[in-house]
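What you are looking at is a predicted structure, and each value in this text was computed from that prediction instead of being measured.
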Amino acid sequence: MKIRSLIAAAALVLGGAFVASPAQAANIATNPGFESGLTGWTCSSGAQAVTTPVRSGSGALAATPAGSDFARCSQTVTVQPNTAYTLSAWVRGPYVFLGAIGFSETWAAPGASWAQLTRSFTTGAAQTSVTVYLNGWYGQGTYYADDVVLDGPGGNPPGPQPPAAPVLSFSQTTTDVNLSWPAVSGATGYRVYRNGTLVSSPTATTYTDRPAAGTHGYQVSAVNAAGESAKSNTVTATVGSVPPPPTGLPKRVMVGYLHASFANGSGYTRMADVPNEWDVVNLSFGEPTSVTSGDIRFTQCPVAECPNVETEAQFIAAIRAKQQAGKKVLISIGGQNGQVQLTTTAARDKFVQSVGAIIDKYGLDGLDIDFEGHSLSLNAGDTDFRNPTTPVIVNLIAALRSLKARYGSRFILTMAPETFFVQLGYQFYGSGQWGGADPRAAAYLPVIHAMRNDLTLLHVQDYNSGPIMGLDNQYHTMGGHDFHVAMTDMLLAGFPIQGNANNVFPALRQDQVAIGLPSSPQAGNGFTTVAEVQKAFDCLAKGVNCGPYRPRGVYPNLRGLMTWSINWDRFNNFEFSRSHRSYLNALG
């Protein structure tokens, strides 16, 4: 889990094809052959115009990714609404991507030969501009591009035009949803939609709605004499809902993993010595007897590895003492080495029986699912996160529902997926619409969605991660506050799967979400300093101290923090637990 680095998501999910370009009717791209240097293009520092190699003319683009920079070059072109366009470019080198923001992209890896990429799209009903781009990929070498063509009519059609779509954000209380958006040039008014139905036509750029209890999706459009713009992005708010089950957890929680079955270089920490700062202690790990058996076993760390390990009776007594002090102790299943694939109903049933046996033996409060590696993946053709068909997904959902039903409303269920299995779904889902991508991409989403009414906490691991694209269509890199803000915002605002606005993963409740972090530099890649973590929490919960990424809302009920691990925090002189416990307590 929290021990190894995840290979950058980019290297796992690539998919695309070479496509022949139709005959060109027009080219409205500026400086398409880079004969005028980079004029008309906005490029990263790794890009330059070169005179060799070129496909035609006297120039071409050469761009080299560096670190988390993918060496993107883009330009914004004036287009007409409701119009078909074809974008193409000739490329060579390692992975090269061609696309238009808001539409699908394509890629190739042609090596030393020139190959043509082509992608067609149709502009929206009120769209008057489009941004086209080329970029390479994380960790790859220099790519080249030449003879870019955006084939279609340029400029605006004559006569007045509707305004552009607004960009919507929100905050909320338990009863009210406060919508706001920047003024749109040329707009004389706005229209607010709740769940697709017009509810107000304000002239101001704010609107407060008090809807019925439940979850609601909001959009806003701009209007003028020429008509109505396209609708904005969707924001999702849940108000007046039935309160979460009475788990006994405080408003702000600290969740820590305890190395109970191994030492891992950080030293063994007895259950009785777990500091009081931790509200939830996840015993790590329960692991299967084989990958597909579903038979989960948990044993304490052996004396040879952990000389100071307590006896089983002392261990159970310490769990009881923690519970009497108001703490919760869970069994965590999986981790880096615990691959669990419930491929059959027999494995599903064994999982329920064996996990239940562990919970009963130690008197635990619930279950944490920390499936990593190859535990979860999506079969080809399994494209709907609301109705999954892959056995390992379907059987896991059924098993979790059985355990929840067995233990009742106070049973705590948490999950700790990596970003690859959740937020990557904004770009990729399973093997992708063209096939060839990693089938594990975003494979946690159907499980999270199916269990959302029973899920106590989701604390995605914001570490051991490659760069991940946020809702701003920019890649964010772990280690700073902006990464945590962007990744958490996706969970609390919801996001379209593979960018499809008609297939949105709904937002989770604020009280269901915590931020997952390493507790020390030794604990995992992506360690974030105390100051940067608290800046991220300030931005999300209070709307202050934000960086370049601006979240879609303010989330005052964001639940707290998770860390790998309690042992590594102790190794690091308790910096994580003591600093962040004080901070969370002060938030109230």
**OP:** Measure the CD-OG distance between Q423 and S465 for me, rounded to the nearest 0.5 Å.
**Re:** 8.0 Å

Original post:
Once you round to the nearest 0.5 Å, how far does CG of L561 lie from OH of Y583?
Top reply: 8.5 Å

Original post:
What residues form a side chain to side chain contact (heavy atoms under 4.5 Å, CB included) with A187, not counting sequence neighbours?
Top reply: P163, V184, Y190, A222

Original post:
D384 and Y429: which non-hydrogen atoms are nearest, and at how many Å?
Top reply: C-OH, 4.2 Å

**OP:** State whether a side-chain donor-acceptor pair under 3.5 Å links T528 with H481.
**Re:** no

**OP:** Run the numbers on F483 and H476 for ring pair (Phe, Tyr, Trp, His ring centres under 6.0 Å), then give the verdict.
**Re:** CA-CA 5 Å; F483 184 75; H476 298 269; 7.5 Å; no

Name the atoms and distances for all side-chain donor-acceptor pairs under 3.5 Å in residues 539-546, with sequence neighbours left out.
residue: K542; atom: NZ; partner: D538; partner atom: OD1; Å: 3.2
residue: N545; atom: ND2; partner: D538; partner atom: OD2; Å: 2.9

**OP:** For the residue pair Y549 and D489, establish whether any side-chain heavy-atom pair is separated by less than 4.5 Å.
**Re:** yes

Subject >> Pair Q461, E372: side-chain N/O donor-acceptor within cut-off below 3.5 Å >> reply: yes

Original post:
Less than 4.0 Å between a side-chain N and a carboxylate O, is that true for R119 and E105?
Top reply: no

**OP:** To the nearest 0.5 angstrom, please state how far the CZ atom of R452 sits from the CG atom of L508.
**Re:** 5.0 Å

Original post:
Taking atom CG of L458 and atom OG1 of T488, what is their separation to the nearest 0.5 Å?
Top reply: 9.5 Å

Subject >> side-chain contact (heavy atoms from CB on, under 4.5 Å), paired with L179, selected from V235, T205, V220 >> reply: V235

**OP:** Check whether any side-chain heavy atom of Y133 sits under 4.5 Å from a side-chain heavy atom of T76, and report yes or no.
**Re:** no

**OP:** Taking only Lys NZ, Arg NE, NH1 and NH2, and the carboxylate oxygens of Asp or Glu, determine whether K328 and D279 approach each other closer than 4.0 Å.
**Re:** no

**OP:** Grab the two heavy atoms, one from M490 and one from F495, that are nearest each other, plus how far apart they are.
**Re:** O-CD2, 3.4 Å

Original post:
What distance separates Y207 OH from N178 CG, expressed to the nearest 0.5 Å?
Top reply: 11.0 Å

Subject >> Pair Y463-F527, ring pair (Phe, Tyr, Trp, His ring centres under 6.0 Å): steps then yes or no >> reply: CA-CA 7 Å; Y463 50 97; F527 174 74; over 10 Å; no

**OP:** Using modelled atom types only, decide if a donor and an acceptor are shared between the side chain of Y426 and the backbone of I468 within a distance under 3.5 Å.
**Re:** no

Subject >> Spatial distance of atom CD (Q512) from atom CG (N557) [nearest 0.5 Å] >> reply: 12.0 Å

**OP:** May I ask you to decide if the ring planes of F121 and Y85 are parallel, tilted or perpendicular, using 30° and 60° as cut-offs?
**Re:** parallel

Original post:
Do you see a donor-acceptor pair shorter than 3.5 Å between the side chains of T390 and D382?
Top reply: yes

Subject >> Parallel, tilted or perpendicular: rings of Y257 and W564 (30°, 60°) >> reply: tilted

Original post:
Is there a donor in the side chain of T414 and an acceptor in the side chain of D368, or the other way round, less than 3.5 Å apart?
Top reply: yes

Original post:
Do you know which two heavy atoms are closest between T236 and F170, and how far apart they sit?
Top reply: O-CZ, 3.4 Å

